[in-house]
Amino acid sequence: MGTFLSKKFLDLHAYTPGEQPQDMAYTKLNTNESPFAPSPLVEEKVREEAGRLNLYCDPECRLLRQRAASLYGVAAANILPVNGSDELLYFAFMAFGDAEHPVAYPDISYGFYSVYAAVNQIPSHVIPLREDFSLDYRDYCGLHENIVIANPNAPTGILLPVWQIEEIVRSNPHNVVLIDEAYIDFGGQSCVPLIHKYDNLLVAQTFSKSRSLAGARLGFGIASSQLVGDLSTIKYSVDPYHVNRMTQAAGIAAMDTDAYYKDNCRSIMENRAYTTRRLEEMGFCVLPSSANFIFARHPRMSGEALYLRLKEKAILVRHFKTARIADFVRITIGTKEQMDILLQAVSQLLDDSDGQ
Ligand SMILES: *Cc1c(COP(=O)(O)O)cnc(C)c1O
């Protein structure tokens, strides 16, 4: 650390993003991106917008908000566009947490929650998932703390039904419940309609996973106009022009070509079922996933060995050296061709280790 860093950050452990290697071509199944390019209309609109980069973008993102409001069935006042949903998480931790208002989240979940709590000096209340990595919603009912839950969860892929989310939101009326729906488009049911009934529910959505825009950075906070107002205050205090021109145009074009992305999600779900079945035939335990990744472990090969040997074969998956999940690897679901490359490599690794 440098000599000038504020003392309040001395113990900060930053988030570690998945590898984005530039050295060679990998079959990249490590950061849950879409294997599909954005729709042609997105490319066209981004190119047009590039010619206007000399001008600041609309800080209110009016067109984008209107379009998103009709997609999600809410009013424009219920939507805050953000520079990737990570930014929404950051704004929410900043807006609603402090030393007297801890935040509760599961022990196995998205790594950023603990980092955002730490950077904002908010105490974390970490609640263990069950042995099988499912979440017992009753652990969160009547907690009287702010809560953040990814649904489906990451990196497990396990989905909670909407009625359980509703119980959590209903029983914590004086606290904010943030539901991170980064992976909701791969077979889950969104809890967005509940924002009309509960003013303490904040839903995070992203165009990074199901809508092929990870590199553009676009997400949305969806909530009561009161919560959106508080989050806007933070946004205008930090960076009013956070969602750039090209990204605003890309987001609108993506929503105008919704059918294309729905088709892509359908093929990801088919490839997920196919990959799960094939891995199970090879002896893997695969957690039931409602996301565009699966979390799997093999009784005869550690998560780290699998990760390292696949990397030697130019296939990247994600491994976490975290207690409880160190035996697993998280595999992003890509195209059928990518999955066949993975399955073939895994099968060969298992054969090789048999022969030793
Ligand atoms: C990928 C991911 C995000 C962040 O996505 P952005 O690219 O910042 O929109 C948020 N939450 C979870 C659980 C994720 O996996």
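The structure presented is a predicted model; accordingly, all values stated were derived computationally and were not measured. Throughout, numbering of the chain's residues begins at 1 and tracks the sequence. Counting convention: from 1, in listed order, for ligands and their atoms alike. The basis for the numbers below is simple: all heavy atoms, side chains too, and nothing from hydrogens, waters or symmetry mates.
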Heavy-atom proximity to atom 12 (C) of ligand 1, best of Asp180, Ile149, Asn292:
Asp180
Near Gly84 (heavy-atom distance under 4.0 Å), the atoms of ligand 1 are 8 (O), 9 (O)
Quick one: look at Phe112 and ligand 1, take heavy-atom pairs under 4.0 Å, and tell me if it's side chain, backbone, both or neither.
neither
Side chains of Lys313 and Gln348: closer than 4.5 Å at any heavy-atom pair?
yes
With heavy atoms under 4.0 Å as the rule, classify the contact between Asp86 and ligand 1 as side chain, backbone, both or neither.
both
Would one find an N or O of Arg217, backbone or side chain, under 3.5 Å from an N or O of ligand 1?
yes
Should the ring pair Tyr113 and Phe93 be called parallel, tilted or perpendicular, given that the plane angle runs from 0 to 90° and is split at 30 and 60?
parallel
Have a look at Ala150, Ser208, Ala154, Ser85 and point out the one with the heavy atom closest to atom 7 (O) of ligand 1.
Ser208
Parallel under 30°, tilted from 30 to 60°, perpendicular over 60°: which one fits the rings of Tyr90 and Tyr116?
tilted
Numbering as shown, the atoms of ligand 1 that approach Lys209 to under 4.0 Å (heavy-atom distance):
1 (C), 2 (C), 3 (C), 5 (O), 14 (C), 15 (O)
Parallel, tilted or perpendicular: ring planes of Phe284 versus His298, cut at 30 and 60 degrees
perpendicular
Taking the inter-plane angle between the rings of Phe220 and Phe207 on a 0 to 90° scale, is it parallel (under 30°), tilted (30 to 60°) or perpendicular (over 60°)?
perpendicular
Taking the non-hydrogen atoms of Tyr183, is any one of them nearer than 4.0 angstrom to ligand 1?
yes
Taking the inter-plane angle between the rings of His319 and Tyr307 on a 0 to 90° scale, is it parallel (under 30°), tilted (30 to 60°) or perpendicular (over 60°)?
parallel
